[in-house]
Peer 1: 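Before anything else, here's the structure in question.
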Amino acid sequence: MAAPRIVQEQAAKAEELHQQLYGTPDTSSEAQDDAADAEQASDTPAIEPEGTAPEADAADTAAEDTGHAADENDLNEKHRRLEAAYATLQGKYRAEVPRLQEQVRTLQAQLIEAQQAKAQAEQSEQATQAELDTVQARLKEEIGDDAFDAVSEYTKQLVRSEMGDLKAKPAEKAEGPTDVERFWSTLRRREPTFDQINESPAFLQWLQTPDPSTGFPYQDSLNAAGQDLDVLSVLDLVKQFKHDTQPKPKPESSTAPAQQVAAPKAAPRTVPNQQPSYTPQDYADLQEQKRRGMWAGREQEFRALEQEIHAALIGG
């Protein structure tokens, strides 16, 4: 096989340069060997270095494994989403189906009632029409056709006139006292001085007093009675107010006036029993202390003090 053209040109240039430098070209066996080696080198294909193909195969294998792993992850993610969507739909189904079934049952019951009412109305209308036909036939036999036609026309005109008056005349509203008006009327009739009592400072202060039976201020009971329009409860509160605020009579002495000039010498000196005075605020403070748990474990002492304050407040 001949050497490539490029190799031949390079060899010619090398030979020309050799002739210019050294004169006659060297035709020895060494030059021929070099030319043969050059021609063989040009004809011999290049040999790839060892180890390249296995590395490429390993890279391809790794890329293929990565692709499989990515596909598997995508499939797992899609499976997870489908399971979540299925669970959501199943939950909605379980919640909606009973409600829809109950709604269907209700609508069916309403439909049955409407059909029954319609059937009853149709039966009533048919019975009424039959009765009217009977009356008209009897009347026509008694008074004749001409008189019956005149009476029927007059009746129709009268009905049309009355219906027109009813449509033109607005419906009159039934007038009468309301529940609130009746409440205040009854309250003022049973207690003529209620307005004065309700505006008095003493009554307003008394309303802040705790009710011994409930522990809440009387104001709460009055508000509840007013909202319920309970006249009797309001009257009871007014009565209790009068009882609590009326002056207490002084106890009469059992000793005659003549004997009060000088005490008997033999009578021992006694110290009057002075009870402590309490205010409604003391009672309220005591209830607040109980609510906070300050009297825990001392219930008997609490009840004794509560009774003492209550007795002092009502004058018992």
Side-chain angles (χ1 to χ4, degrees), residues 70-140 148 151-153 155-187 190 210-211 213-237 287 290-291 293:
D71 295 339
E72 186 177 358
N73 292 333
D74 293 341
L75 290 176
N76 292 334
E77 180 64 21
K78 291 181 180 179
H79 181 69
R80 186 188 63 79
R81 292 180 180 178
L82 290 176
E83 285 186 346
Y86 174 75
T88 302
L89 292 176
Q90 190 176 18
K92 291 183 178 180
Y93 173 81
R94 292 178 179 176
E96 291 294 331
V97 167
R99 184 183 65 82
L100 293 176
Q101 291 176 349
E102 181 64 25
Q103 186 175 2
V104 169
R105 286 194 293 268
T106 302
L107 292 176
Q108 289 177 348
Q110 293 177 354
L111 179 60
I112 293 173
E113 292 179 359
Q115 292 176 349
Q116 292 176 352
K118 182 180 178 181
Q120 292 177 358
E122 291 177 352
Q123 293 176 0
S124 177
E125 183 179 0
Q126 293 175 359
T128 303
Q129 186 64 36
E131 184 178 358
L132 179 61
D133 294 341
T134 302
V135 173
Q136 289 178 350
R138 186 182 303 171
L139 182 61
K140 184 181 293 186
F148 176 78
V151 171
S152 298
E153 184 64 24
T155 304
K156 293 178 180 178
Q157 293 179 359
L158 183 61
V159 170
R160 285 195 296 267
S161 177
E162 290 181 355
M163 292 297 295
D165 293 340
L166 290 175
K167 292 180 179 179
K169 184 179 180 181
E172 296 181 357
K173 183 180 179 181
E175 296 182 357
T178 62
D179 294 340
V180 177
E181 292 174 349
R182 285 194 295 269
F183 166 77
W184 285 105
S185 177
T186 305
L187 181 60
R190 298 282 300 273
D211 187 353
S213 60
T214 62
F216 296 99
Y218 287 111
Q219 181 69 58
D220 295 346
S221 301
L222 182 63
N223 294 338
Q227 292 177 358
D228 297 339
L229 302 179
D230 189 355
V231 178
L232 297 179
S233 297
V234 176
L235 293 175
D236 290 341
L237 289 172
Q287 298 297 327
K290 179 184 178 183
R291 187 183 66 81

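We number each residue from 1, following the sequence as shown.
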Peer 1: Within the 4.5 Å heavy-atom criterion, are Leu82 and Tyr86 side-chain neighbours or not?
Peer 2: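 A side-chain contact under 4.5 Å is absent here.
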
Peer 1: Once you round to the nearest 0.5 Å, how far does CG of Leu232 lie from CG of Leu237?
Peer 2: 11.0 Å

Peer 1: Please name the pair of heavy atoms, one in Gly215 and one in Pro210, separated by the smallest distance, quoted to 0.1 Å.
Peer 2: O-CB, 3.8 Å

Peer 1: Might you confirm whether atom CZ of Arg105 has over 12 heavy atoms from other residues, nucleotides or ligands at distances under 6.0 Å?
Peer 2: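 Yes - once you tally the heavy atoms of other residues, nucleotides and ligands closer than 6.0 Å, there are more than 12.
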
Peer 1: If you measure from the Lys or Arg side-chain nitrogens to the Asp or Glu carboxylate oxygens, is any gap between Arg80 and Glu77 under 4.0 Å?
Peer 2: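 Yes, this pair counts.
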
Peer 1: Please say whether more than 12 non-hydrogen atoms of neighbouring residues, nucleotides or ligands are located less than 6.0 Å from CD in Glu125.
Peer 2: no

Peer 1: To the closest 0.5 Å, what do you measure between CG (Leu222) and CG (Asp236)?
Peer 2: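 Result: 11.5 Å between the selected atoms.
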
Peer 1: Spell out, as yes or no, whether a donor-acceptor pair under 3.5 Å connects the side chain of Thr186 to the backbone of Arg182.
Peer 2: yes

Peer 1: Should Asp211 and Phe216 count as side-chain neighbours, where that means a heavy-atom distance under 4.5 Å?
Peer 2: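 Answer no - side chains too far apart.
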
Peer 1: Would you say Thr134's side chain and Ala130's backbone share a donor-acceptor pair under 3.5 angstrom?
Peer 2: yes

Peer 1: How far apart are the closest heavy atoms of Val234 and Ala225, and which atoms are they?
Peer 2: CG2-CB, 3.7 Å

Peer 1: Please name the pair of heavy atoms, one in Val180 and one in Leu229, separated by the smallest distance, quoted to 0.1 Å.
Peer 2: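 Looks like N-CD1, 4.2 Å.
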
Peer 1: Could you tell me the separation between the CG atom of Asp230 and the CG atom of Leu235, rounded to the nearest 0.5 Å?
Peer 2: 9.0 Å

Peer 1: Side chains of Asp133 and Gln129: any donor to acceptor distance under 3.5 Å?
Peer 2: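 Yes, a side-chain donor-acceptor pair sits under 3.5 Å.
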
Peer 1: Testing the 3.5 Å rule here: is there a donor-acceptor pair between the side chains of Asn223 and Gln227?
Peer 2: no

Peer 1: From Gln108 CD over to Gln110 CD, what is the distance, rounded to the nearest 0.5 angstrom?
Peer 2: 11.0 Å

